[in-house]
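Structure record follows, encoded as structure tokens.
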Amino acid sequence: MVKLNVIYTRTGDDGSTGLADGSRRAKDDARVAAYGTVDEANSVIGIVRLAADAETDAMLARIQNDLFDVGADLATPGDDFAADSKSLRATASQVDRLEAEIDAMNATLAPLSSFILPGGTAAAAHLHLARTVVRRAERLAVTAALVEVINPTAIRYLNRLSDHLFVLARVTNRSTGDVLWVPGAGR
């Protein structure tokens with residue numbers, strides 16, 4: 001159980017932050033940048049929920065909880081990724097659930113005939129923003145994995161979540177239609 005009594009500690013005033021194991025890292029460390037960006041993505045999803053219908057809101061609430069798990073995973077050094085690990089880790093079942101939701105949503109959509117421009121409804125536009133922030137988090141996690149061990153399932157989760165948010169944006173725009181790229185339209 002998490003218990004936060006003090007919001008500021010002054011321990012980060014020197015440009016460092018604490019990981020889950022108590023070790024300190026510079027705030028621009030790749031691992032710190034990755035889980036910080038996961039937090040940013042979670043905040044954007046919170047904005048999406050303001051305009052989401054009940055079904056989408058429930059889906060996004062689950063995803064926000066998952067993102068806290070992924071953030072905790074990325075904030076925890078080490079290579080014990082087993083399901084019974086003492087540390088909170090992203091799991092294959094979380095990735096599997098995203099894939100099942102992607103498949104179910106995608107089955108209701110027409111095949112794409114062009115690239116999609118981020119836009120449409122307010123919810124869809126914010127889903128596209130969340131998608132790009134998640135993709136950045138994934139890239140930063142991959143960068144961190146070049147220098148230390150990162151749970152590959154956490155990286156897979158971020159990869160799949162970006163895809164999920166793309167398809168969910170298309171579903172959210174179903175009433176208005178996809179906003180398609182028109183090559184050379186501005187020439």
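Nothing fancy with the numbering, it's 1 onward along the sequence. What you are looking at is a predicted structure, and each value in this text was computed from that prediction instead of being measured.
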Exercise for the section: Give the C-alpha distance, both sets of side-chain angles, the deciding distance and a yes or no for side chain to side chain donor-acceptor pair (under 3.5 Å) between Arg24 and Ser16. Expected result: CA-CA 6 Å; Arg24 305 289 301 173; Ser16 69; 3.0 Å; yes
Does [X] reach the main-chain N or O of [Y] with its side chain, forming a donor-acceptor pair under 3.5 Å?
| X | Y | answer |
| --- | --- | --- |
| Arg25 | Thr17 | no |
| Asn65 | Ala61 | yes |
| Gln94 | Thr91 | yes |
| Arg170 | Ala110 | yes |
| Thr56 | Ala52 | no |

Exercise for the section: Report the C-alpha distance between Met59 and Arg49 in whole Å, list the side-chain angles of each, state the deciding distance to 0.1 Å, and finish with yes or no for side chain to side chain contact (heavy atoms under 4.5 Å, CB included). Expected result: CA-CA 10 Å; Met59 187 181 297; Arg49 292 184 64 195; over 6 Å; no
Give, for atom [atom1] of [X] and atom [atom2] of [Y], the distance between the pair rounded to the nearest 0.5 Å.
| X | Y | atom1 | atom2 | answer |
| --- | --- | --- | --- | --- |
| Leu129 | Glu40 | CG | CD | 8.0 Å |
| Asp69 | Leu74 | CG | CG | 11.0 Å |
| Arg89 | Asn151 | CZ | CG | 6.0 Å |
| Ile150 | Thr76 | CD1 | OG1 | 10.0 Å |
| Leu168 | Leu60 | CG | CG | 5.5 Å |
| Thr121 | Asn173 | OG1 | CG | 4.5 Å |

Co-membership, hydrophobic cluster, residues [X] and [Y], 4.5 Å side-chain:
| X | Y | result |
| --- | --- | --- |
| Val167 | Val44 | no |
| Leu98 | Leu88 | no |
| Val38 | Leu140 | no |
| Leu180 | Val182 | no |
| Ile47 | Ile63 | no |

Heavy-atom closest pair, residues [X] and [Y]:
| X | Y | value |
| --- | --- | --- |
| Ala141 | Leu158 | CB-CD1, 4.3 Å |
| Val179 | Gly120 | CG2-N, 3.6 Å |
| Arg31 | Val149 | NH2-O, 2.9 Å |
| Ala90 | Asp73 | N-OD2, 2.8 Å |
| Gly12 | Lys27 | O-NZ, 3.2 Å |
| Pro77 | Ser23 | CG-OG, 4.4 Å |

Do [X] and [Y] meet the criterion of a side-chain donor-acceptor pair at a distance under 3.5 Å?
| X | Y | answer |
| --- | --- | --- |
| Arg135 | Ser162 | yes |
| Arg174 | Thr108 | yes |
| Ser93 | Asp96 | no |

Practice task
Return the orientation label for the Phe166 and His128 ring planes: parallel under 30°, perpendicular over 60°, tilted otherwise.
Solution key: perpendicular
Can you find a heavy atom in the side chain of [X] that is under 4.5 Å from one in the side chain of [Y]?
| X | Y | result |
| --- | --- | --- |
| Arg131 | Arg136 | no |
| Leu165 | Thr132 | no |
| Pro152 | Phe81 | yes |

Practice task
State plainly whether the residues Lys86 and Asp80 are in salt-bridge range, i.e. N to O under 4.0 Å.
Solution key: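 No, Lys86 and Asp80 are not salt-bridged.
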Problem - Audit row: Arg160, Glu138, salt bridge (charged side-chain N to carboxylate O under 4.0 Å, His left out) steps and yes/no - result: CA-CA 10 Å; Arg160 219 65 85 244; Glu138 177 193 6; over 6 Å; no
Exercise for the section: Go through the steps for Phe68 and Asn42 under the test side chain to side chain contact (heavy atoms under 4.5 Å, CB included), then give the verdict. Expected result: CA-CA 8 Å; Phe68 259 83; Asn42 210 344; 3.2 Å; yes
